[in-house]
Structures are given as structure tokens and as C-alpha cells.
Amino acid sequence: MAKTKLTRYTVAYNSTNSRWELKNESTKDVVKKFKTKADAIKGGVLEKAVKEGSVRIKKRDGKIQEERTYPRNRDPRGSKG
């Protein structure tokens, strides 16, 4: 089975507008804005916004906190092959 490359996204704090943003890394387009990081990562919000892709969630200081893949079965770290 051929693997297709997942679209990469980032959730990061934008100090200019004091918001957390979900941004497409390829296009640099902001997909969605959030008041708090908790709003951005709570149950199902990222999954609905991304549908299919890899999301890096960053801390306020810009360091990567975690990475999630949607749908979960597309995560190469969890697949058996």
C-alpha cells in the first residue's frame, strides 16, 4: 500500500494578537484561532479542523509539546508493518 504524505499543521501562540493559532505549515494559512490553548486542543476540536494530517502542538515558548495524527490510524508511529 502506497503511503501519502500527510499535511502538517502547527498549534502555536501568536503574541502579536494574543491568540493560539492552528496554521497549515505548507501554505502558512491560519486555519483557526483560539483564545486559549485548552480551547485549541480539547476533545475533537483539532480532529474536526484538520480531518487528515499531522499536528504539532507547541508550548508558549515555541518548543514542541506533542504531535498528533488525524485520523489516528494514519499515524506511522502506531502502525504495524
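Given the structure is predicted, the values throughout are model-derived calculations rather than measurements. One is the number of the first residue; the rest follow in order along the sequence.
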Exercise. Hey, is E66 close enough to R68 for a salt bridge, meaning N to O under 4.0 Å?
Worked result: yes
Problem set entry | Minimal non-hydrogen separation, L22 against A49, with atom names | CD2-CB, 3.6 Å
Seminar exercise, completed: Nearest heavy-atom contact between V11 and A40 is CG1-CB, 4.1 Å
Seminar exercise, completed: Correct closest heavy-atom pair for N14 and T16 would be OD1-N, 2.8 Å
For this session: Give the intermediate values and the outcome of side-chain contact (heavy atoms from CB on, under 4.5 Å) for residues N17 and K33.
Result: CA-CA 10 Å; N17 63 16; K33 295 179 183 180; 4.1 Å; yes
Exercise. Is E52 close to T69 at the side-chain level, that is, under 4.5 Å between some pair of heavy atoms?
Worked result: no
For this session: Answer yes or no: is there a side-chain heavy-atom contact under 4.5 Å between Y70 and S54?
Result: no
Problem set entry | Lys/Arg-Asp/Glu bridge criterion (N-O < 4.0 Å) met for R8, E67 | yes
Problem set entry | Any donor-acceptor pair under 3.5 Å from T36 side chain to D39 backbone | yes
Problem set entry | Main-chain N/O of S26 paired to N24 side chain as donor or acceptor, under 3.5 Å | yes
Problem set entry | Interatomic spacing from CG in L46 to CZ in F34 - rounded to 0.5 Å | 6.0 Å
For this session: Check whether any side-chain heavy atom of R56 sits under 4.5 Å from a side-chain heavy atom of Q65, and report yes or no.
Result: no
For this session: Look up atom CZ in R60 and atom CH2 in W20, then write down how far apart they are to the nearest 0.5 Å.
Result: 6.5 Å
Exercise. Is a donor on one side and an acceptor on the other found under 3.5 Å between the side chain of K51 and the backbone of K48?
Worked result: yes
Exercise. Between the side chain of K37 and the main-chain N/O of K58, is any donor-acceptor distance below 3.5 Å?
Worked result: yes
Problem set entry | Residue among K28, E21, E25, K23 satisfying side-chain hydrogen bond (donor to acceptor under 3.5 Å, both in side chains) with T10 | E25
